[in-house]
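Here, residue 1 is the first one in the sequence, and each next residue gets the next number. Any value given below was found using the heavy atoms of this structure, including those in side chains, with hydrogens, waters and symmetry copies removed.
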Amino acid sequence: MDSSIVGREFPPVGPYLVSAEKVREFATAIGWEYADQVPPTFPIVLAGASMNAFLAESGLELSRIVHGEQRFSFQRPIVPGDALTSTLTVASLRQMGGNDIIGTTTAFTDTTGALVGTASATLIHRGEQA
């Protein structure tokens, strides 16, 4: 991967309607007791869609990705009824041992364009094996 990708913002994905049903399904899947509160890891649904678009456009293979780290920060809680758009930016790139270590930041905005939160991830794209 070429270092010129650092700072590149990929096209927005969404909007994604945060429905009570989808939140309930997600909460059940992760073992979260659903009580009308959106689990703090719910934005991974949106970040995943943005990451898949990034991988497709970059020509990277999902089967060679190891997910190294994930962090979320919020400007306000996500609530059912929100329609959110996610935009991924490549924040950093290092090469080590034939692997690309890619830092990404995905911003989640509402229909007014206000920032709701961000997800930061470290992805390791394994190099070709000899």
Side-chain angles (χ1 to χ4, degrees):
M1 178 169 261
D2 186 281
S3 64
S4 66
I5 197 162
V6 175
R8 183 168 171 206
E9 183 177 285
F10 287 79
V13 175
Y16 176 89
L17 179 60
V18 179
S19 69
E21 178 182 343
K22 290 297 181 187
V23 172
R24 199 173 302 109
E25 288 173 2
F26 184 85
T28 299
I30 65 167
W32 176 278
E33 186 148 340
Y34 180 70
D36 295 330
Q37 183 181 12
V38 177
T41 54
F42 183 82
I44 197 66
V45 174
L46 291 90
S50 286
M51 183 174 41
N52 287 336
F54 157 66
L55 295 175
E57 192 169 325
S58 300
L60 300 176
E61 298 173 39
L62 181 59
S63 64
R64 291 177 45 205
I65 294 284
V66 175
H67 196 234
E69 181 180 14
Q70 185 74 55
R71 293 177 188 232
F72 296 96
S73 64
F74 299 93
Q75 306 313 115
R76 68 162 176 82
I78 295 173
V79 296
D82 277 339
L84 302 176
T85 299
S86 59
T87 306
L88 183 142
T89 302
V90 176
S92 63
L93 173 67
R94 295 184 297 144
Q95 273 107 16
M96 184 181 303
N99 302 311
D100 294 317
I101 302 169
I102 307 160
T104 64
T105 302
T106 304
F108 309 107
T109 55
D110 64 18
T111 55
T112 70
L115 181 65
V116 174
T118 58
S120 300
T122 302
L123 309 171
I124 298 112
H125 186 255
R126 293 178 289 119
E128 298 281 334
Q129 292 189 4

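- Applying the 6.0 Å contact sphere to CD of Glu33 captures no more than 12 heavy atoms from other residues, nucleotides or ligands.
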Step by step, work out the side chain to side chain contact (heavy atoms under 4.5 Å, CB included) result for Val116 and Gln75.
CA-CA 5 Å; Val116 174; Gln75 306 313 115; 5.8 Å; no
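- No continuous path of hydrophobic side-chain contacts links Leu62 to Val13 [ILVMFWY only; heavy atoms under 4.5 Å].
- Residues Thr104 and Leu123 form a side-chain contact, since some pair of their non-hydrogen atoms from C-beta on lies under 4.5 Å apart.
- Closest non-hydrogen pair, Gly14 versus Thr85, comes out as C-OG1, 4.2 Å.
- Formation of a donor-acceptor pair under 3.5 Å by the Asn52 side chain with backbone atoms of Ala49 is not found in this model.
- For Thr105 against Ala91, the heavy-atom pair with the smallest separation is OG1-CB, 3.9 Å.
- Judged purely by atom type and a 3.5 angstrom limit, Gln70 uses its side chain to pair as donor or acceptor with the backbone of Ser120.
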Decide yes or no on salt bridge (Lys or Arg N to Asp or Glu O under 4.0 Å) for Glu21 and Arg24, but give the supporting numbers first.
CA-CA 5 Å; Glu21 178 182 343; Arg24 199 173 302 109; over 6 Å; no
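- Smallest separation of non-hydrogen atoms from Ser92 and Val6: C-CG2, 3.9 Å.
- Nearest heavy-atom pair, Ile78 versus Val38, reported as atom, atom and distance to 0.1 Å: O-CG2, 3.1 Å.
- Taken from OG1 in Thr122 to CZ in Arg94, the straight-line distance is 8.0 Å, to the nearest 0.5 Å.
- No donor-acceptor pair under 3.5 Å is formed between the side chain of Asp100 and the backbone N or O of Gln95.
- Looking only at atom types and distance, the side chain of Thr118 has a donor-acceptor partner in the side chain of Ser73 under 3.5 Å away.
- There is no path of hydrophobic side-chain contacts, each under 4.5 Å, that joins Leu46 to Phe10.
- The NZ atom of Lys22 sits 10.5 Å away from the CG atom of Leu17 when rounded to the nearest 0.5 Å.
- Taking OG1 of Thr106 as the start and CG of Leu88 as the end, the distance is 4.0 Å to the nearest 0.5 Å.
- At a threshold of 4.5 Å between non-hydrogen side-chain atoms, the residues Ser50 and Phe108 do not count as touching.
- Formation of a donor-acceptor pair under 3.5 Å by the Arg64 side chain with backbone atoms of Arg126 is found in this model.
- Val23 approaches Gln37 most closely through the heavy-atom pair CG1-O, 4.2 Å.
- Hydrophobic clustering (side-chain heavy atoms under 4.5 Å, transitive across Ile, Leu, Val, Met, Phe, Trp, Tyr) groups Ile102 together with Ile5.
- Residues Val45 and Glu25 have side chains not in contact (no heavy-atom distance under 4.5 Å, counting atoms from C-beta outward).
- The CZ atom of Phe54 sits 14.0 Å away from atom OG1 of Thr87, with the distance rounded to the nearest 0.5 Å.
- With rounding to the nearest 0.5 Å, the separation of OG1 in Thr41 from CZ in Phe26 is 3.5 Å.
- Cluster annotation: Met1 is not connected to Ile124 through the hydrophobic network of ILVMFWY side chains, with a link wherever side-chain heavy atoms come within less than 4.5 Å.
- The two residues Pro80 and Ser19 make their nearest non-hydrogen contact at CB-C, 4.4 Å.
- With rounding to the nearest 0.5 Å, the separation of CD1 in Ile44 from OG in Ser86 is 10.5 Å.
- Linking ILVMFWY side-chain heavy atoms closer than 4.5 Å, directly or via other members, places Leu84 and Phe74 in a single hydrophobic cluster.
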